[in-house]
2 protein chains.
Amino acid sequence: MSERVTIADVARRAGVAISSVSSALNDRSGVSEETRRRIRLAADELGYVASIRGRSLSSDRAYAVGLIVRRAPAAFDRDSLLPAFVGGVQSMLETRGYVLVLLGGAPVDDKLQGFRRLMADRRVDGVLLQDIRHNDPRIPGLLDIGLPAVGIDAHSDGFPFPVVHQDCNAAIRTLARTLVEAGHGRIAYLTGPRPHVRSWRTRMLWREALRDYGVVIDPVVEGDGSFEDGERAAEQLMAGREPPTAVVAASDAAALGFARRARALGFRIPQDVSIVGFDGVPAGRVLDPTLTTVRTSPFLIGAKAAALLLESLGERKLPDVPLPPAEIEPGGTIGPSRNRERPAPPPPPTALECDPIAGTLNMLVSRAEGSDTAF
Amino acid sequence: MSERVTIADVARRAGVAISSVSSALNDRSGVSEETRRRIRLAADELGYVASIRGRSLSSDRAYAVGLIVRRAPAAFDRDSLLPAFVGGVQSMLETRGYVLVLLGGAPVDDKLQGFRRLMADRRVDGVLLQDIRHNDPRIPGLLDIGLPAVGIDAHSDGFPFPVVHQDCNAAIRTLARTLVEAGHGRIAYLTGPRPHVRSWRTRMLWREALRDYGVVIDPVVEGDGSFEDGERAAEQLMAGREPPTAVVAASDAAALGFARRARALGFRIPQDVSIVGFDGVPAGRVLDPTLTTVRTSPFLIGAKAAALLLESLGERKLPDVPLPPAEIEPGGTIGPSRNRERPAPPPPPTALECDPIAGTLNMLVSRAEGSDTAF
DNA sequence: TTGAAAGCGCTACCAT
DNA sequence: ATGGTAGCGCTTTCAA
């Protein structure tokens with residue numbers, strides 16, 4: 001209600017010039033300690049807080065970074081990692097006086113009209129790019145107006161901005177090996193949205209990993225990675241005469257949808273079908289047994305991405321930031337294959353000759369409770 | 001990369017005054033059609049987009065609203081409804097040229113230092129208040145600096161801002177009746193965070209509803225509404241010698257945690273214990289059977305709240321906005337009580353004499369599959 | 001209808 | 001060390 005307190009009010013009260021107030025309050029040099037103290041006092045008494053608007057205009061900085069959530073607002077809840085990611089961003093920004101601006105959802109007409117306006121009006125000093133696609137139209141847009149950006153998990157060739165990327169290959173290979181050693185030979189794959197770079201990479205990694213262990217993914221079910229998508233996939237795959245003994249999904253949501261439907265069709269998890277997800281969303285713990293998945297670190301990714309972006313605001317192109325690799329969330333949805341050809345159980349490893357990785361593997365294969373069933 | 005195109009550039013190119021450009025581009029009257037067209041053309045050719053900074057300073061509006069997520073950034077992922085809510089807000093804002101600014105998490109020292117700064121620097125034109133607490137310190141802060149606000153689901157007395165509120169009483173009463181008619185007499189309650197107005201209200205509504213049907217909630221387990229909290233509650237409640245036959249939780253997360261742990265302890269759902277959640281989070285569908293809960297409408301709430309806030313930017317206090325009441329998400333976690341005292345099954349209702357509400361009730365009580373078990 | 005000019009609140013530069 | 005002042009890019013008022 002009270003009238004705005006401006007820098008001029010503070011200057012008047014402290015009996016100094018406006019410029020001195022600015023210098024004093026921004027911890028710049030060129031102000032005597034005595035004067036600085038007097039100014040601080042005056043500012044406090046008046047409850048002065050510098051207007052971001054004036055500051056923004058004159059300093060040519062918005063003190064804000066943008067996150068462009070590239071999906072329709074009504075589908076925001078499809079991204080279960082969004083809150084954690086945003087939390088990470090926030091945790092970094094708030095230590096530096098920056099804030100996060102959410103820039104509109106998907107462009108309706110794909111002409112990016114509104115989107116470009118948001119970038120061009122200099123509301124933010126830089127943006128975080130999520131859900132990056134092949135030939136993402138945002139990239140030329142950003143280059144065009146010269147807005148700094150940081151990519152999230154997008155190692156596509158020639159990407160012009162620094163990238164925060166979490167390696168998932170180790171986790172995937174371990175899981176692949178686990179599946180193969182558990183006897184799985186018919187492994188299906190549920191894809192994520194086709195245009196996403198990340199979906200595509202994940203798929204490649206799985207394909208290569210399984211191939212290296214002698215298994216060709218088959219069939220591949222194209223989808224959008226949603227829960228319903230997983231349900232559909234289960235319907236389709238498990239109805240066939242030779243259903244897969246294991247399913248790998250590009251997202252936890254799809255994995256959970258698959259699990260639900262497969263169960264409804266009478267398949268037990270993991271005795272009849274093993275399931276592996278990807279992401280590490282909280283809902284994975286609701287499944288019983290808990291979903292085995294590749295746990296990424298959205299909070300950490302958000303924090304690192306924000307930090308990288310803030311740095312980018314100054315300099316030119318910075319090096320990519322690696323993160324600790326994604327880990328495996330063990331869970332209980334991997335079990336021995338019923339079609340196992342070599343039923344020889346691995347000899348119990350002794351402590352000494354125990355390969356640490358193999359040890360992990362064995363832990364990951366949960367012994368089916370009713371393991372005395374026929375197979 | 002290219003230099004910024006300013007309004008002066010457009011004016012020069014079109015051969016008119018700056019003020020004319022402003023008027024023309026903002027669809028104000030006082031500009032001839034001919035001039036307006038010429039100006040538009042010049043602006044297009046130059047790729048001019050008005051700087052929000054200059055506009056903001058001179059028009060005294062930020063064209064942004066803030067959302068203060070009142071929890072630590074690391075706990076953002078505890079709010080499973082956040083994405084949907086934010087999506088709703090976004091869907092409304094983007095039609096009006098506004099954006100959403102996320103204002104820092106919880107104040108560390110509870111002195112609201114950083115928080116007040118964010119409000120006071122006029123970065124936003126108004127804020128959405130979520131997770132409102134009793135005697136919420138944000139309220140005097142907002143009143144102090146005269147920033148408009150809208151409350152989400154906070155019907156506390158004397159709340160000085162308009163509120164968007166979704167009625168849950170009907171849903172709760174129906175569920176209460178369902179539980180009681182299913183024979184449940186020992187019903188436990190898992191609370192949400194104590195200081196939240198919403199938690200408190202939900203609890204009151206459940207208490208009153210069940211009391212009206214002759215059941216006193218007992219015991220009440222205080223908690224924070226998290227998944228782990230639900231797990232703890234299960235541990236505590238189901239270990240006793242007289243475990244409840246039904247549990248009502250103030251959040252789906254707690255309900256799901258409870259379900260998981262209860263199962264691990266050997267209790268079947270819903271045969272041994274019925275569970276009712278609150279919120280309608282996506283993860284509820286992962287539980288098998290699906291979680292019975294009160295489904296709120298976070299997207300709609302977000303959209304309405306944003307709309308209300310935008311209106312508030314002009315006028316004084318506006319009336320509260322009611323929403324369609326929360327509905328029940330049927331699910332399968334309610335079953336007949338094992339301790340049922342009056343085993344008389346209700347006579348099959350004919351189409352004619354069927355009370356629509358009672359009809360709903362019957363649907364909600366899923367017949368336990370092994371209903372021929374002893375009870 | 002059009003144009004000139006005064007701010008908006010701040011930063012930063014240049015005198016003093 | 002301090003003070004004066006020219007912008008930053010826009011809106012808005014007031015003359016012409």
Novice: Between Asp27(B) and Arg40(B), does any side-chain N to carboxylate O distance fall below 4.0 Å?
Specialist: yes

Novice: What is the distance, to the nearest angstrom, from the CG atom on Asp9(B) to the P atom on dC10(D)?
Specialist: 9 Å

Novice: For DNA chain D, what residues of residues 21-40 of chain B have any heavy atom nearer than 4.0 Å?
Specialist: Ser22(B), Asn26(B), Arg28(B)

Novice: Closer than 4.0 Å, any side-chain N/O of Tyr48(B) to the OP1 or OP2 of dC10(D)?
Specialist: yes

Novice: Mind checking whether Leu25(A) and Ile39(A) have side chains closer than 4.5 Å, heavy atoms only?
Specialist: yes

Novice: Over how many whole Å does the gap from Asp60(A) atom CG to dT11(C) atom C1' extend?
Specialist: 11 Å

Novice: Without decimals, in angstroms, what is the distance between Arg4(B) CZ and dG9(D) P?
Specialist: 7 Å

Novice: Do the side chains of Asp60(B) and Arg53(A) get close enough for a salt bridge, i.e. N-O under 4.0 angstrom?
Specialist: yes

Novice: Specify the separation, in whole Å, of atom CG of Leu57(A) and atom C1' of dT11(D).
Specialist: 12 Å

Novice: Write down the distance between CD1 (Ile7(B)) and P (dC8(D)), rounded to a whole number of angstrom.
Specialist: 14 Å

Novice: Which comes earlier along DNA chain D counting from the 5' end, the contact point of Arg53(B) or that of Ser19(B), where each point is its nearest nucleotide?
Specialist: Arg53(B)

Novice: If only side-chain N and O atoms of Arg55(A) are considered, is one of them under 4.0 Å from the OP1 or OP2 phosphate oxygen of dT11(C)?
Specialist: yes

Novice: Please determine if Arg70(B) and Asp131(B) form a salt bridge, counting it only when a charged side-chain N lies under 4.0 Å from a carboxylate O.
Specialist: no

Novice: Roughly how many Å is it from CZ in Arg122(A) to P in dG9(D), rounded to a whole number?
Specialist: 10 Å

Novice: Between Ser20(B) and Ile52(A), which residue's closest nucleotide on DNA chain C lies nearer the 5′ terminus?
Specialist: Ser20(B)

Novice: Does a salt bridge link Arg133(B) with Asp136(B), judged by any charged N lying under 4.0 Å from a carboxylate O?
Specialist: no

Novice: With no hydrogens and no angle check, do the side chains of Tyr98(B) and Arg96(B) hold a donor and an acceptor under 3.5 Å apart?
Specialist: no

Novice: On DNA chain C, nearest-nucleotide positions of Val16(B) versus Arg61(A): which is more 5'?
Specialist: Val16(B)

Novice: Contact between Phe76(B) and Leu82(A) at the side-chain level, heavy atoms closer than 4.5 Å - yes or no?
Specialist: no

